[in-house]
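Only this structure's heavy atoms are used, side chains among them; waters, hydrogens and symmetry mates stay out. All values derive from a computational prediction rather than experimental measurement. Below, chains carry the letters A, B, ... as their sequence lines are ordered, and counting in each starts from 1.
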There are 2 protein chains.
Amino acid sequence: MVALAPPHSETDGCSIQATLAVISDRWTLLILRNVFRGVRRFGEMQADLDIARNILSDRLSKLVEHDVLEKVPYQHKPTRYEYHLTAKGADLSPALVALMGWGDRWYTDGQPPTVLIHEACGTPVVQRLECPSCQSEVLPHQIRSQPGFELVSPTSEELS
Amino acid sequence: MVALAPPHSETDGCSIQATLAVISDRWTLLILRNVFRGVRRFGEMQADLDIARNILSDRLSKLVEHDVLEKVPYQHKPTRYEYHLTAKGADLSPALVALMGWGDRWYTDGQPPTVLIHEACGTPVVQRLECPSCQSEVLPHQIRSQPGFELVSPTSEELS
DNA sequence: ACCTATAAGTTGCAAATCGAAACCCATCTG
DNA sequence: CAGATGGGTTTCGATTTGCAACTTATAGGT
């Protein structure tokens, strides 16, 4: 298990909380996964996801508000928009990869429905934690969490 | 942007969908983050998260149902349980790391509230995609998604 | 025996959110 | 002018949420 610092909710954990405020509902990540795959228009998304139109509309505007997607006109008369990933949205890629990986590992019997492969050589890629100074892989139990700038020594918690 | 295959919803994307069925609500990931940090009891979680007791109760039993957490008795008379991560639950660690990382990168002005460091040397760790055969880092735009076993050549989508 | 405290829920009910279908608007095609 | 297309908004019943109060089980004190 990962040894993490004891919680002190005001300063800490807000990263997850802020993240969840943006993506934690049944549809948002599915919408984003589709945008990653090139499904960018209202109708395409609606057909592919089988989501209610009002909900899709609401989620898209929230994603635009949160600067995860941006509306890009693709025709005039009448003006119609596509939804493209912003830099912030594209940066959700690792999270999407991680969640997809978990689903693959625990919710498929045989092959995963989709594998991500290294374009140059065709090998399936893996997601790992690395230590930039040791240049080696770090396993989950070899990490410790530490407050960013307060120099509080975390009263080290016992493990399970 | 990541080049991904066109969607064909029945076979594909179910990994994300299955994952979202488990974790996609406002509280579940916060609960799990706390369990990762050693907060395992009902009352502790309730106090730390400021979550309604009925919702917490509901989420915990769903997580137990989904085999992400398990109830472990820590006293008898009256029997009380702690919630521990199963292997499946612990395997959510990369996803949690990725989501926390995104929040850190986009929702904090200065230092991130919490950094994950390599226990052995104290260096902050990074999460990367790697190609096991090239033994090199793979950037998000260098990956392609591919159906797991059907040999369908994805009609390569134009990029943005 | 009685009172209080601790831990972990459950229940009741009002308020917010969701979802399916219908409706609206602008424009192009026949 | 009658559809068709694309992208929504509105309406309204069903579901989910959240707060507060209640319950159960047990230990400790007086």
Side-chain angles (χ1 to χ4, degrees), chain A residues 6-7 9 16-17 20-32 34-35 37-66 68-85 157-158 160, chain B residues 6-7 9 16-17 20-32 34-35 38-66 68-85 158 160:
Chain A
S9 293
I16 290 276
Q17 209 138 19
L20 291 182
V22 180
I23 54 104
S24 77
D25 83 291
R26 203 141 63 72
W27 294 110
T28 300
L29 283 177
L30 287 173
I31 292 168
L32 288 174
N34 273 9
V35 176
R37 296 201 297 199
V39 178
R40 302 193 227 280
R41 298 185 188 176
F42 192 92
E44 294 175 308
M45 295 188 197
Q46 205 271 317
D48 187 64
L49 293 175
D50 198 31
I51 179 180
R53 303 168 79 73
N54 52 348
I55 304 295
L56 176 56
S57 178
D58 178 75
R59 293 305 176 276
L60 286 172
S61 31
K62 275 181 183 150
L63 286 169
V64 170
E65 248 174 60
H66 286 303
V68 171
L69 295 180
E70 59 186 338
K71 290 171 85 161
V72 179
Y74 70 91
Q75 79 172 32
H76 297 88
K77 304 164 66 47
T79 312
R80 302 231 179 281
Y81 299 94
E82 291 184 326
Y83 296 88
H84 285 210
L85 290 165
E157 201 92 5
E158 74 292 278
S160 63
Chain B
S9 292
I16 289 275
Q17 209 137 17
L20 291 181
V22 180
I23 55 103
S24 78
D25 82 293
R26 201 140 65 71
W27 294 112
T28 300
L29 282 177
L30 287 172
I31 292 168
L32 287 173
N34 274 9
V35 176
V39 179
R40 302 193 227 278
R41 298 184 188 176
F42 191 92
E44 294 175 307
M45 294 189 198
Q46 205 272 315
D48 187 66
L49 292 176
D50 199 32
I51 180 180
R53 304 171 78 73
N54 53 347
I55 304 296
L56 177 56
S57 177
D58 179 75
R59 293 304 177 276
L60 286 172
S61 31
K62 274 181 185 152
L63 285 170
V64 170
E65 248 174 61
H66 287 303
V68 170
L69 296 180
E70 59 187 338
K71 289 172 84 161
V72 180
Y74 69 92
Q75 81 172 30
H76 296 88
K77 300 166 67 54
T79 312
R80 300 227 180 284
Y81 299 94
E82 291 183 326
Y83 295 88
H84 285 210
L85 291 165
E158 74 291 282
S160 62

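Residues satisfying the side-chain hydrogen bond (donor to acceptor under 3.5 Å, both in side chains) criterion with B:Arg26, sequence neighbours excluded, are absent altogether. Listed by chain and number, the residues in a side-chain contact (heavy atoms from CB on, under 4.5 Å) with A:Ala47 amount to none (sequence neighbours excluded). The side-chain hydrogen bond (donor to acceptor under 3.5 Å, both in side chains) check on A:Arg80 picks up nothing, with sequence neighbours excluded.
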Output one line per pair: protein atom, nucleotide atom from nucleotides 27-29 of chain C, and distance, for all N/O pairs under 3.5 Å.
| unit_1 | atom_1 | unit_2 | atom_2 | d |
| --- | --- | --- | --- | --- |
| C:dT27 | O3' | A:Lys77 | O | 3.3 |
| C:dC28 | OP1 | A:Lys77 | O | 3.2 |

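Note that CG of A:Leu29 and CD1 of B:Ile23 are 6.5 Å apart. Values are rounded to the nearest 0.5 Å.
Annotation: proximity of residues 51-64 of chain A to DNA chain D (heavy atom, distance under 4.0 Å) is found for A:Arg53, A:Asn54, A:Ser57, numbered in ascending order.
The phosphate of C:dA8 has OP1 or OP2 within less than 4.0 Å of a side-chain N or O from B:Tyr74.
A cation-pi contact links A:Arg41 to A:Tyr74, judged by a cut-off of 6.0 Å to the six-membered ring centre and 45° from its axis.
Extent of DNA chain D lying under 4.0 Å from chain B heavy atoms, first and last nucleotide in 5' to 3' order, is D:dT17 to D:dA27.
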What do the steps show when you test A:Leu85 against A:Leu32 for side chain to side chain contact (heavy atoms under 4.5 Å, CB included), and what is the final call?
CA-CA 8 Å; A:Leu85 290 165; A:Leu32 288 174; 4.2 Å; yes
A:Arg40/A:His84 under side chain to side chain contact (heavy atoms under 4.5 Å, CB included): CA gap, chis, key distance, verdict: CA-CA 7 Å; A:Arg40 302 193 227 280; A:His84 285 210; 3.2 Å; yes
| said: Run A:Leu49 and A:Val39 through side chain to side chain contact (heavy atoms under 4.5 Å, CB included) and show every step you take. | reply: CA-CA 11 Å; A:Leu49 293 175; A:Val39 178; over 6 Å; no
Inset, instruction - List the steps and the verdict of side chain to side chain contact (heavy atoms under 4.5 Å, CB included) for B:Met45 and B:Leu56. - result: CA-CA 8 Å; B:Met45 294 189 198; B:Leu56 177 56; 3.9 Å; yes
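Nucleotide C:dA7 holds its C1' atom 17 Å from the CZ atom of B:Arg40, rounded to whole Å. Remark: P of C:dT17 and CG of B:Asp25 are 15 Å apart, rounded to the nearest angstrom. Rounding to whole angstrom units, CD of residue B:Glu44 and P of C:dG9 are separated by 13 Å.
In terms of heavy atoms, A:Trp27 sits closest to A:Ile55 at CD1-CG2, 3.8 Å.
Annotation: salt bridge (Lys or Arg N to Asp or Glu O under 4.0 Å) contacts involving residues 53-65 of chain B, sequence neighbours excluded, comprise B:Asp25-B:Arg59, B:Asp58-B:Lys62.
Each of B:Lys71 and A:Arg26 has a nearest nucleotide on DNA chain C; the 5'-most of these lies closest to B:Lys71.
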